[in-house]
Protein chains: 2
Amino acid sequence: MNVRFKFAGMARVSQEHLDARRRQILDGAARCFARNGFHATSMQDVLKEAGLSAGAVYRYFRSKEELIRAIAEDVFGTVRAAFESAARETPPPLPDVVLGRVLGQVFLGPQAMADLDREGFPRLVLQVWAETLRDEELAATLRRGYEVVRDAWTTLVQQYQRSGLMRDDVPADHVARTLVAAVQGFIAQQALFGESGIEVLEDGLRGLMSVPGGNIG
Amino acid sequence: MNVRFKFAGMARVSQEHLDARRRQILDGAARCFARNGFHATSMQDVLKEAGLSAGAVYRYFRSKEELIRAIAEDVFGTVRAAFESAARETPPPLPDVVLGRVLGQVFLGPQAMADLDREGFPRLVLQVWAETLRDEELAATLRRGYEVVRDAWTTLVQQYQRSGLMRDDVPADHVARTLVAAVQGFIAQQALFGESGIEVLEDGLRGLMSVPGGNIG
DNA sequence: TTGTCAAGAATGAATGTTCGTTTTAAGTTT
DNA sequence: AAACTTAAAACGAACATTCATTCTTGACAA
């Protein structure tokens, strides 16, 4: 390279190389963690899966906890992006279609976690949820993201209500939370009981949408 | 000694005492595990919480794994019982009511896990899900239980369909899975975002039930 | 009732192992 | 050869589990 000044500490390898190494570690770790959880996976498991030595990995992540957090935030980001992009569609499709879009994005979407196969990702989500219960910083991050998602979905539901598509005597954010819950539950089922098509949730919502009434309360 | 019959293994303390000790260990362990997860909880944490020594605990449970499995199966049982009893109600109430019953049972129900407070139980459920991904024996148990629940709920949905309450061009078991997913997702939300009333899910379903149409497909 | 005793129940310090992390030495690139 | 990265050995801490020991219980003799 024709750089004239070389400062002490100047990187010897390109930024792309550094980024690729980081991603190589994250991908290997994600595979391990999806398989065995964070705390039953040793750093040596991660090293082997990533094909690197301890020194290498500890150059990119100061500790196992930092690695776990990086993975968890990747997962948060992927899921959150799926929820947000589906809520932004105009005009808003009916709930069954919206939830189908979310799941499509989560499982196939713009490859934040490209390296994980379709069954790996839901497993990782469950591990991240469990870890979130132990790590107040992760919990705070998740809550912040969830608030944004819930607001977007509440707005979506209010559009249904204003257009007369949905009764407006139920709080919009209760409906929003329920839709989010359906997706979360479906992800849990994918992890626990194996893969199944997105149409399961779509059909399920269509069935529910055809039930008249419900108690006024 | 002129004792005529002395059986080896003759109980020195009452069966109630043994049962109470076992429960004391399970309750302490459940509190620890709900707080910190299975693998970030040491046996010494469990011992302290239960107020017993290592030897005492290892008399009742051969290993940490055996303790984890006992806890997990308690959790499975509690959730499964809630799903089953709600599905058995005749005549079947509308979906919003049925799901409300399930949640009521899970959070307040016949105290299988009496010792855990309301926020503790959903946390424990998430930890058990995560552990289930690592333990094929737990996974098999969960799948067996889930099949029974899904069958019961499919039957319930078929009753809706036969009575004309729900369109019958969607597979009943897809609707059943969706209802179960909504409950699972709600439990996850309880653990991750804090408590909220059962009426959130009830209202949410009522809102959805009032949406007409949905694509035929 | 009271005292005795064998066996079950409980203890907690000790054990060997495994973990995350650091250090050190060899290698690679420019 | 300088600048920097990687590999591998090594370390202390923490872990699950064991075991020699002490305490407790309840049947039975008197």
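Protein chains get the first letters and strands the later ones, always in sequence-line order, with residue 1 at the start of each.
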Separation of [N] [atom2] from [X] [atom1] (nearest whole Å):
{"X": "A:Arg62", "N": "C:dT22", "atom1": "CZ", "atom2": "P", "result": "10 Å"}
{"X": "B:Leu52", "N": "C:dT11", "atom1": "CG", "atom2": "P", "result": "6 Å"}
{"X": "A:Arg59", "N": "C:dT23", "atom1": "CZ", "atom2": "C1'", "result": "12 Å"}
{"X": "A:Asn36", "N": "C:dC19", "atom1": "CG", "atom2": "P", "result": "11 Å"}
{"X": "A:Phe38", "N": "C:dC19", "atom1": "CZ", "atom2": "C1'", "result": "18 Å"}
{"X": "A:Ile25", "N": "D:dA7", "atom1": "CD1", "atom2": "P", "result": "11 Å"}
{"X": "B:Leu18", "N": "D:dG26", "atom1": "CG", "atom2": "P", "result": "11 Å"}
{"X": "A:Lys48", "N": "D:dA8", "atom1": "NZ", "atom2": "C1'", "result": "15 Å"}

Exercise for the section: Quick one: do A:Ser42 and A:Asp45 satisfy side-chain hydrogen bond (donor to acceptor under 3.5 Å, both in side chains)? Show the steps, please. Expected result: CA-CA 5 Å; A:Ser42 71; A:Asp45 294 334; 3.3 Å; yes

Practice task
Determine, for B:Glu65 against B:Arg69, whether the closest basic-nitrogen to carboxylate-oxygen distance falls under 4.0 angstrom.
Solution key: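 Counted as a salt bridge, because a side-chain N and a carboxylate O are separated by less than 4.0 Å.
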
Handout entry: A:Arg80 with A:Glu84: basic N within carboxylate O range, under 4.0 Å
Key =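 Looking at A:Arg80 and A:Glu84, the cut-off is met.
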
Exercise for the section: Nearest-nucleotide wise, let me know which of A:Gln44 and A:Gly55 is further upstream toward the 5' end of DNA chain C. Expected result: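 By nearest-heavy-atom nucleotide position, the 5'-most residue is A:Gln44.
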
Which nucleotide sits closest to the side chain of [X]: [options]?
{"X": "B:Ala54", "options": "C:dA10, C:dG20, D:dT18", "answer": "D:dT18"}
{"X": "B:Ser42", "options": "D:dA7, C:dG20, D:dA16", "answer": "D:dA16"}
{"X": "A:Lys64", "options": "D:dA16, D:dT6, C:dG20", "answer": "C:dG20"}
{"X": "A:Tyr58", "options": "C:dT22, D:dT6, C:dA10", "answer": "C:dT22"}
{"X": "A:Met43", "options": "D:dA7, C:dT11, C:dT21", "answer": "C:dT21"}

Problem - Phosphate OP1/OP2 of C:dA10 contacted by B:Tyr60 side-chain N/O (<4.0 Å) - result: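 For B:Tyr60, the contact criterion (side-chain N or O under 4.0 Å from OP1 or OP2 of C:dA10) is met.
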
Exercise for the section: Give me the ring orientation class for B:Trp153 and B:Phe83: parallel if the planes are under 30° apart, tilted from 30 to 60°, perpendicular past 60°. Expected result: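 If you compare the ring of B:Trp153 with that of B:Phe83, the planes turn out perpendicular.
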
Exercise for the section: Quick one: label B:His17 by what it contacts on the DNA or RNA (base, sugar-phosphate, nothing), any heavy atom closer than 4.0 Å. Expected result: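 Counting heavy atoms under 4.0 Å across all strands, the contact made by B:His17 is with sugar-phosphate only.
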
Exercise for the section: Indicate, yes or no, whether a donor-acceptor pair under 3.5 Å links the base of C:dA9 to the side chain of B:Arg21. Expected result: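 Check fails, no donor-acceptor contact within cut-off.
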
Practice task
Go through B:Gln105 and B:Ser85 one step at a time and tell me if the side-chain hydrogen bond (donor to acceptor under 3.5 Å, both in side chains) criterion holds.
Solution key: CA-CA 9 Å; B:Gln105 276 248 309; B:Ser85 82; 3.2 Å; yes

